[in-house]
Asks: 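Just passing along the structure, written as structure tokens.
Every number for a ligand or one of its atoms is a count from 1 in the order of the listing.
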Amino acid sequence: MKIFTTKKDLKDCLSVLKLKKETIGFVPTMGALHEGHLSLIKKAKQKTTVVVVSIFVNPTQFDKKEDLLKYPKTFDNDTKLLESVGCDVLFFPSVDEIYSGNVVSEKFNFDGLEHQMEGKFRAGHFDGVGTVVKALFNIVAPDKAFFGQKDFQQLQIIKKLVKKQRLNVKIKGCAIYRDQDGLAMSSRNTRLNDTQRIAAPFIYKTLKKVRKKFGTESAVKITAWVENQFKNHPSLKLEYFTIADEKSLKTIETKESDKKYRAFIAVFAGDIRLIDNIRLKHN
Ligand code: PAF
């Protein structure tokens with residue numbers, strides 16, 4: 001695996017590969033890699049001939065400074081994992097290399113997607129994500145880029161970014177990778193203490209029950225039921241639960257047969273914020 005820290009060296013390497021008609025698959029990450037990331041890289045390996053991974057903890061997408069400071073950094077383990085799945089190129093730039101001394105976000109209009117769910121609780125988060133993803137796409141110029149559906153709102157926003165900015169890259173959304181007990185893989189899971197880790201699968205268990213209920217019960221009734229499930233939970237605190245349209249990400253009240261829906265949830269275990277979602281089916 002080749003490792004580059006500067007845009008210039010990475011671009012020089014990739015331009016040679018592009019001349020040889022290699023297709024570039026790209027998996028942007030913030031490091032602290034886990035099986036979920038590896039599943040994206042494996043998917044990229046199936047679909048493209050050269051896989052580039054970036055590790056960059058993007059300061060502008062953190063609304064809380066302490067979250068940025070606490071973000072796990074496990075570079076040596078990350079490179080081992082990347083080698084184990086056959087990653088070809090790692091881009092590991094500094095903050096200055098990406099932001100050239102001006103660490104601010106561009107302001108985007110994602111047609112309202114940015115104001116739903118996470119957008120209500122994490123001010124400026126999606127401007128930060130949009131800024132860094134656009135910058136990385138411009139540097140790597142991949143044919144395809146791979147993102148997990150755990151961050152479903154992020155995935156939809158990146159699709160919107162690509163459409164609005166007319167970027168020449170195909171966005172592939174990949175299935176949520178779960179631990180055996182159902183907990184969605186996340187770099188934050190390593191920060192859970194034993195009690196929190198044992199409690200956390202309750203999130204996905206609840207979502208599975210929601211999926212069952214969606215056939216017969218209204219979104220409003222299901223939402224009240226979920227809120228009640230978390231009311232007196234000893235280790236988990238519900239931040240939001242909503243059933244929303246997959247395209248607009250707006251909360252729904254009534255179901256329409258031609259629309260696709262998902263249930264979205266954000267929960268705190270202590271100060272660790274966990275999100276998850278599940279596809280819902282009409283009857
Ligand atoms: O999902 C993530 O890890 C980050 O938001 C991303 C897409 C790498 C941008 O920093």
Asks: Name each N or O atom in ligand 1 that is under 3.5 Å from a protein N or O, and give the partner atom and the distance.
Replies:
from	atom 1	to	atom 2	distance (Å)
ligand 1	1 (O)	Gln154	NE2	2.8
ligand 1	5 (O)	Gln61	NE2	2.9
ligand 1	5 (O)	Gln154	OE1	2.7
ligand 1	10 (O)	Gln61	OE1	2.6

Asks: With the threshold set at 4.0 Å, does a side-chain nitrogen-carboxylate oxygen contact exist between Asp9 and Lys2?
Replies: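 Salt bridge absent between Asp9 and Lys2.
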Asks: With sequence neighbours left out, write down each residue that passes salt bridge (charged side-chain N to carboxylate O under 4.0 Å, His left out) with Asp67, or none if nothing qualifies.
Replies: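 Here no residue qualifies.
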Asks: Using a strict threshold of under 4.0 Å (side-chain N to carboxylate O), is an ion pair present between Lys160 and Glu114?
Replies: no
Asks: Between Arg178 and Asp276, is there a salt bridge with N-O shorter than 4.0 Å?
Replies: yes
Asks: Is the shortest distance from a Lys or Arg side-chain nitrogen in Arg122 or Glu118 to a carboxylate oxygen in the other one below 4.0 Å?
Replies: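 Yes, charged N to carboxylate O under 4.0 Å.
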Asks: Is the backbone of Gln149 close enough, under 3.5 Å, to the side chain of Asn277 for a donor and an acceptor to pair up by distance?
Replies: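 Yes, Asn277 side chain to Gln149 backbone: donor-acceptor pair under 3.5 Å.
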